[in-house]
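The structure under discussion appears below in the form of structure tokens.
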Amino acid sequence: MTVRPHGEATRTKPDKTTLLFAAVLPLLSVLDVLIFSSVNLGALGVRVLWAVELVACAFWMGRLSGWRRRLFFLVNSALGSGFYLAIVACTGDVDSPYVHLVMCLPLLVALIYAEEAGAAIVSGCVCMLGIGALVVLTGHPPAQAITWASLVAMTSFFGVAGSTQFRRALEARNEARLERTRREAAEKFARTLADQALSERLATVGRLAASVMHEINNPLAFVHANLRFLQEELHAQPLTPGARAELEQVLAETRSGVERVQRIVLDLKGFSRRDTEESTACALADVVADAVRLAAVRLKHMAHVKVELPPGLPPVLATPRRLVQVLLNLLVNAGDALEESGRVPGQILVRGEARGQRVMLFVEDNGPGFPPEVLPRLFETFFTTKGPEKGTGLGLVISRELLEHCGATLTAENREEGGARLRIEWPAHGQTSRDGAASV
Ligand code: ADP
């Protein structure tokens with residue numbers, strides 16, 4: 001139950017037009033004076049009663065809704081028509097100067113209560129019965145009553161048709177307005193999500209900054225020292241064969257240092273860039289084929305790559321270019337692990353699976369797997385077991401981040417039969433993980 005503060009009942013403002021009409025009604029008795037040269041007390045009494053009823057309506061109208069409001073319109077149109085017929089009866093029955101308006105009354109009611117077509121029908125019925133009774137009771141032929149009733153029926157029909165059309169137009173306009181509002185809200189929401197995803201990624205880059213400085217500082221320091229050494233050596237002429245060999249070694253070290261910095265910067269650049277491509281429903285077969293083709297050069301002498309994707313595998317929501325980047329990283333990692341362990345040529349299996357509405361993609365190898373001390377640290381920034389010339393320790397972190405961006409997850413485990421298994425999983429259609437994306 002809603003508790004309202006004291007005095008704050010469901011008060012709404014009275015309807016001004018109804019109040020104005022109620023105020024004017026008794027004044028219309030001036031017309032009686034002009035027509036009959038005297039005040040018609042009966043008609044004045046009816047007008048005052050009608051005005052009182054209208055004042056009550058003006059205050060009630062805003063408080064009602066639903067079926068009560070509809071009933072209110074119906075009762076009110078019946079009462080209004082009845083009051084008007086009473087004025088006609090007081091001012092000369094069928095000979096009253098006001099009788100002609102009886103025909104148009106349902107039409108007027110339809111205009112006033114346009115949102116409720118039934119009001120014109122009720123008014124039409126009251127007017128037909130009323131005018132028919134007046135005609136018959138005042139001794140006129142029944143044919144005249146039928147003529148009057150037919151005319152009233154006709155205006156009622158037009159009134160109902162008009163108000164129905166008006167209501168439909170109103171509903172269509174409201175629906176269009178609602179649809180526009182809904183669409184705008186959805187667009188705004190999508191924009192907010194995209195901005196949020198970008199700022200989240202930028203925040204991660206920000207958090208990475210300190211570690212990046214540390215990682216880059218080391219190679220930069222020896223690159224700098226090496227360059228100075230090279231400069232000094234080049235000035236000391238002539239170069240002995242021993243010095244030349246040393247210079248070449250120093251140059252190679254320097255180049256690997258620069259390449260390492262370059263790799264870190266490239267990884268981070270790809271990560272922080274705003275996705276211009278939207279996530280779309282993409283077929284895993286295409287993405288996997290692209291990644292395997294790109295990895296082939298690196299894996300040529302290291303592994304046989306096998307792809308097993310069941311034919312009915314549903315498409316997943318992803319940015320294809322990003323997903324290729326992730327898979328490429330996983331394939332190259334598997335190749336590196338096989339190479340390092342000396343188990344070449346090894347086996348790499350890319351396997352797809354649908355469980356219910358969830359879609360999974362596994363990259364498995366028969367390499368050494370993850371040692372127990374490595375497994376919990378795999379998704380740590382800059383964690384790598386490779387030499388500085390090979391690994392940056394950013395691959396898995398960035399892959400996980402990219403996948404989360406399109407609603408998927410990345411996990412790692414050891415296979416029971418040996419080797420590593422990386423699992424990408426898209427949730428069931430309609431379930432979202434982070435920023436509203438899901439598998440389709
Ligand atoms: P990087 O490849 O630069 O080292 P990653 O984040 O891609 O960075 O990988 C982190 C570490 O995870 C690797 O250094 C490696 O020790 C381990 N790793 C990744 N994939 C595999 C795999 N298939 N088998 C064994 N170890 C792996």
Side-chain angles (χ1 to χ4, degrees), residues 201 204-205 207-208 211-212 214-216 218-219 256-272 288 291-292 294-307 322-351 360-405 408-425:
R201 273 193 287 154
T204 312
V205 172
R207 282 198 301 278
L208 289 179
S211 341
V212 172
H214 176 76
E215 286 293 314
I216 289 181
N218 207 17
S256 93
V258 170
E259 279 168 358
R260 177 162 170 72
V261 173
Q262 206 177 21
R263 238 187 344 262
I264 292 175
V265 170
L266 268 179
D267 278 354
L268 288 171
K269 223 163 84 184
F271 177 63
S272 62
V288 171
V292 170
L294 288 170
V297 189
R298 169 89 182 95
L299 302 177
K300 201 153 63 181
H301 304 294
M302 263 171 279
H304 298 299
V305 183
K306 196 168 161 201
V307 177
R322 297 286 197 188
L323 191 51
V324 171
Q325 185 184 335
V326 169
L327 284 176
L328 187 59
N329 183 44
L330 302 186
L331 289 170
V332 170
N333 270 353
D336 288 347
L338 287 166
E339 188 183 37
E340 249 165 64
S341 65
R343 304 181 192 185
V344 284
Q347 298 286 342
I348 299 178
L349 176 64
V350 183
R351 185 165 61 83
M360 276 165 256
L361 190 68
F362 302 93
V363 178
E364 301 171 341
D365 61 65
N366 63 350
F370 307 106
E373 70 281 6
V374 167
L375 196 55
R377 302 191 59 195
L378 281 182
F379 295 96
E380 258 176 41
T381 330
F382 292 117
F383 173 78
T384 180
T385 56
K386 301 172 190 171
E389 69 290 344
K390 234 180 181 181
T392 58
L394 287 173
L396 290 179
V397 185
I398 291 174
S399 297
R400 177 179 265 189
E401 183 72 27
L402 294 178
L403 288 169
E404 280 182 355
H405 184 60
T409 53
L410 174 65
T411 48
E413 63 194 14
N414 281 317
R415 296 163 71 213
E416 273 170 25
E417 57 273 48
R421 175 182 293 131
L422 277 297
R423 172 208 299 249
I424 304 174
E425 181 170 341

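All values derive from a computational prediction rather than experimental measurement. As the structure lists them, so they are numbered: ligands from 1, and atoms in each ligand from 1.
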With Leu331, the side chain to side chain contact (heavy atoms under 4.5 Å, CB included) member among Leu294, Val292, Val326:
Val292
Decide, yes or no, whether a salt bridge links Arg298 with Asp336 under the criterion of side-chain N to carboxylate O below 4.0 Å.
yes
Tell me, please, which residues at least two apart from [X] pass salt bridge (Lys or Arg N to Asp or Glu O under 4.0 Å).
X	result
Arg400	none
Glu416	none
Arg343	none

For residues Phe379 and Thr411, determine if any side-chain heavy atom of one lies less than 4.5 Å from a side-chain heavy atom of the other.
no
What are the atom names and distances for all N or O pairs under 3.5 Å between ligand 1 and the protein?
{"unit_1": "ligand 1", "atom_1": "2 (O)", "unit_2": "Asn333", "atom_2": "OD1", "d": "3.0"}
{"unit_1": "ligand 1", "atom_1": "2 (O)", "unit_2": "Lys386", "atom_2": "NZ", "d": "2.6"}
{"unit_1": "ligand 1", "atom_1": "3 (O)", "unit_2": "Thr392", "atom_2": "N", "d": "2.8"}
{"unit_1": "ligand 1", "atom_1": "3 (O)", "unit_2": "Gly393", "atom_2": "N", "d": "2.9"}
{"unit_1": "ligand 1", "atom_1": "4 (O)", "unit_2": "Thr384", "atom_2": "OG1", "d": "2.6"}
{"unit_1": "ligand 1", "atom_1": "6 (O)", "unit_2": "Gly395", "atom_2": "N", "d": "3.4"}
{"unit_1": "ligand 1", "atom_1": "6 (O)", "unit_2": "Leu396", "atom_2": "N", "d": "2.8"}
{"unit_1": "ligand 1", "atom_1": "7 (O)", "unit_2": "Asn333", "atom_2": "OD1", "d": "3.4"}
{"unit_1": "ligand 1", "atom_1": "7 (O)", "unit_2": "Asn333", "atom_2": "ND2", "d": "2.8"}
{"unit_1": "ligand 1", "atom_1": "7 (O)", "unit_2": "Leu396", "atom_2": "N", "d": "3.4"}
{"unit_1": "ligand 1", "atom_1": "14 (O)", "unit_2": "Thr384", "atom_2": "OG1", "d": "3.3"}
{"unit_1": "ligand 1", "atom_1": "14 (O)", "unit_2": "Thr385", "atom_2": "N", "d": "2.9"}
{"unit_1": "ligand 1", "atom_1": "14 (O)", "unit_2": "Thr385", "atom_2": "OG1", "d": "3.3"}
{"unit_1": "ligand 1", "atom_1": "16 (O)", "unit_2": "Thr385", "atom_2": "OG1", "d": "2.4"}
{"unit_1": "ligand 1", "atom_1": "23 (N)", "unit_2": "Asp365", "atom_2": "OD2", "d": "2.9"}

